[in-house]
Amino acid sequence: MRRGRPRHGHHLRRHLEHGRVPRRGHRSGSRDQLGGALPACRRTPPGRARRAPLGDRAVDGRIDPVRRAVRIRGAGGRHVPPHRRRARRRDGRRDRGAQPARRPPRRDDRARRAVAHAARPAARLRAQRRPGGEGRMTTVPYRFDQTATASEVVARFGGLAPGEESGDEVSVAGRVMLSRPQGKLAFAELRDSSGAVQLFALDGVTRDFQAFTRLRLGDWVGACGEVVRTRRGEVSVKIADWVLLAEARLPFGDKWRGVTDVETRFRQREVDLWTSPDARRVLALRSQLVRRMRERLWDMGFVEVETPILHPIPGGAHARPFVTHFRALDMDVYLRIAPELYLKRLVVGGFEKVFEIGRLFRNEGLSPRHNPEFTTLELYQAYADYHDMMSLVEELVTGLARDILGTTSLTYQGRPLDLTPPWRRATLTELVCEKTGLDVSVHTPRETLARWARDQGVEVAPSWGPGKLLLELYEKTTEGELWEPVFVHDYPKEVSPLARVHRDDPMLAERFEQVVAGRELVNAFSELVDPAEQLARFEEQAGAREQGDEEAMLVDTDYVRALGHGLPPTGGLGLGIDRLAMLFSDVAHIREVISFPMMRPERAEGGEGSAAGGEERAAGRGGGSGGDELRA
RNA sequence: GCGCCUCUAGCUCAAUGGCAGAGCAACGGACUCUUAAUCCGCAGGUUCGGGGUUCAAGUCCCCGGAGGCGCACCA
């Protein structure tokens, strides 16, 4: 392939000429095994591209920047790869004085290279989309009939003895993850969502054997043939016929280690998922978790509902919202920060037990425990109070642990974590006293609380009352230390604008947070049902907002009016599903349990648009919310 | 926002301040039972970007970028 080639620009040209064209035409033969996919299997087999000389390639009439860059560079005939350039300079040490140490690259040359660099993957793909449509992908069938999954094959034919042939034919499909061609034999590992099975190809048995040996790591194939166990003892499909279902035109990572760079893992999650079984395990577990959660709630008589995601007034939590614009009504709307108020309106409307599992959006930063969009369960039950919610949470979470993990004795991040009920129930005040040794409560004089809070490094704002100060103290000293599950109940009323006042203490609210592994998992309360009281609390919040608390709530008059129609005594809770999934799958970072976690957009390298602007880089990482403040 | 760390071939990683390398992938070839097959061969680099020190910078210094971890923030 290198004959008659100019030496420069190799790598680029390699990208451009990467396409593989069929090397043989159609063939006929009997392949009844393929059933519905029969015609597909007769398709042109894959083969390696015969590389045309650059000149041939250039006459296809298509001009793109990369190709043009190559041609320009080629035309110059003087391009020297950087390392050679440097070597030459070093050789010329003697006459150094006469020559500049390093010739600065010409500006346009640099720009061209930058464009070419940025366009690499795109260039590869573009180069392979031939005008005549004879690329390999155009020969790929529209469907393929599988008769078994990889793991089914392995399970069903596990009884075969080494060297034994079953006489049964199967048709399997998946991605080729390893290929071991060996002369007139070839082995490949075919992986599908169920697992992996070995493909065994033989010259003379397998149709288009040569093409099979040239399959590339990551290519999808469908194959049919008899199930056998090889002499070395592996259950395999001895391929009679096969068809390419998709080719992996872009590199697929290291065949053994896959992709480990964290950024690449999440920017190209599909590759991560294919190459890292653990990544798949975590997402599959999450899926199971949500499924079982739904089933349990349905079984308990809860009705699953969906409430708006676009809110005219963001409500139900302390958080900054995302804003968007609704053109038809020419008004700004907000992505919900909580579904709480709508769900309680459904209780007013007669749904006595409702829940919603869905996405919330909070306009805050990224962190190992915070993603701007995250998933919660929110649930409301008429005639129940927060004690009922504690029982429900305990039963739900431990039940799910048994469903999913088969045990309530977990290990989280190398540390034992026992979820076996009953869980401890303690008031927030008790826990703070226990942890700090201070004799503290919501009734402690404000100045004393403020001093203690400052001692803990809290920056105390003048507008904070004793309730807020107590909560700060708790979060600073206690919350992160709680490992085994505990219901932290009786929060200050001041910081719980949607919770009902405590039946025994007017300074407190009937609210609890369920904390495990140092993190809030659930936030719940006996719901505030009095419309006048709710209005007053909203107005208090609005006041705090005017004082600069951007996360304080707004007055939601629709909600107050709904309460005016009568909300029965109601218990409600919010549970962070991402965090529960983290706990169950034993991962430390929230993005592991999210299929496509939020990432800063990838910046194109090179090109005019990428001049590093000051503003775009200013957006630092702030705080965030991912399950904290699940409700209020 | 602060501190520490990282950025080198498609992927995973090397390189006392002295000619940028390996394994895998890719590409050409050999091989009838492989298991990350093996063997032979050939290619592949903006060492994140910019500036500086130096005879000489992947390496040292400065500025910037991206990423990770921790802290802070996040009632």
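Per chain, numbering begins at 1; letters A, B, ... match sequence-line order.
- Among pairs with a residue in residues 195-206 of chain A, those fulfilling side-chain hydrogen bond (donor to acceptor under 3.5 Å, both in side chains) read A/R180-A/Q198, A/Q198-A/S236, at least two apart in sequence or across chains.
- Paired with A/W452 under the rule side chain to side chain contact (heavy atoms under 4.5 Å, CB included), one option of A/L469, A/V432, A/T436, A/T444 passes, and it is A/T444.
- If you check B/rC33, B/rU35, B/rA26 against the side chain of A/E234, the one that comes closest is B/rU35.
- For A/L185, the listed nucleotide lying nearest its side chain is B/rU32; candidates were B/rC74, B/rU32, B/rG68.
- Where A/E494 and A/G233 each meet RNA chain B at their nearest nucleotide, the meeting point lying more 5' is that of A/G233.
- Counting to the nearest Å, the P atom of B/rG10 and the CZ atom of A/R265 are 21 Å from each other.
- Using a 4.0 Å heavy-atom cutoff across all strands shown, A/E475 reaches sugar-phosphate atoms only and no base atom.
- Ring planes of A/F361 and A/F322: perpendicular class, angle over 60° (limits at 30 and 60°).
- A/D219 places its CG atom 14 Å from the P atom of B/rA25, with the value rounded to the nearest Å.
- Across all strands, A/Q541 comes closer than 4.0 Å to base atoms (heavy-atom distances).
- No option in A/E510, A/E513, A/H502 other than A/E513 meets the side chain to side chain contact (heavy atoms under 4.5 Å, CB included) test with A/Y491.
- As rounded to whole Å, 7 Å separates atom P of B/rC74 from atom NZ of A/K468.
- Taking 3.5 Å as the limit, the base of B/rU32 and the side chain of A/Q182 contain no donor-acceptor pair of atoms between them.
- No engagement by A/K238 is indicated, since no non-hydrogen atom pair under 4.0 Å with the nucleic acid exists.
- Atom CD of A/Q268 is separated from atom P of B/rG67 by 15 Å (rounded to the nearest Å).
- Aromatic ring centroids of A/F187 and A/F200 lie under 6.0 Å apart.
- Residue-level contact check: A/P368 touches the backbone only, with heavy atoms under 4.0 Å from sugar-phosphate atoms and none from bases.
- Here the nucleotide nearest the side chain of A/T230, chosen from B/rG28, B/rC33, B/rA37, is B/rC33.
- Considering only the side chain of A/H370, B/rC74 comes nearest among B/rG28, B/rC33, B/rC74.
- Ranking B/rA37, B/rU32, B/rG28 by closeness to the A/L178 side chain, first place goes to B/rA37.
- The CZ atom of A/F200 sits 9 Å away from the P atom of B/rC33 (whole-angstrom rounding).
- Residue A/R180 contributes atom CZ, which lies 5 Å from atom P of B/rA37 at whole-angstrom precision.
- With B/rC27, B/rC33, B/rC71 as the choices, the nucleotide that has an atom nearest any side-chain atom of A/R231 turns out to be B/rC33.
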Candidate pair A/N371 and A/R591, rule side-chain hydrogen bond (donor to acceptor under 3.5 Å, both in side chains), full reasoning: CA-CA 7 Å; A/N371 197 60; A/R591 68 188 165 199; over 6 Å; no

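- Atom CD in A/E164 sits about 16 Å away from atom C1' in B/rC33, given to the nearest Å.
- Here the two rings, on A/W220 and A/W242, have centers that are 6.0 Å apart or farther.
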Which dot-bracket string describes RNA chain B (Watson-Crick N1-N3 plus N6-O4 or O6-N4, or G-U N1-O2 and O6-N3, all under 3.5 Å; [ ] crossing; | other strand)? (((((((..((((....[..))))..((((.......))))......(((((..]....))))))))))))....

Chi angles and distances behind the side chain to side chain contact (heavy atoms under 4.5 Å, CB included) call for A/V458, A/W464: CA-CA 12 Å; A/V458 176; A/W464 292 359; 3.7 Å; yes

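- At whole-Å resolution of the value, CZ in A/F209 and C1' in B/rU32 are 9 Å apart.
- In the set B/rC69, B/rG28, B/rC71, B/rC71 carries the atom at the smallest distance from any side-chain atom of A/R369.
- Counting non-hydrogen atoms under 4.0 angstrom, A/R320 reaches nothing in the nucleic acid.
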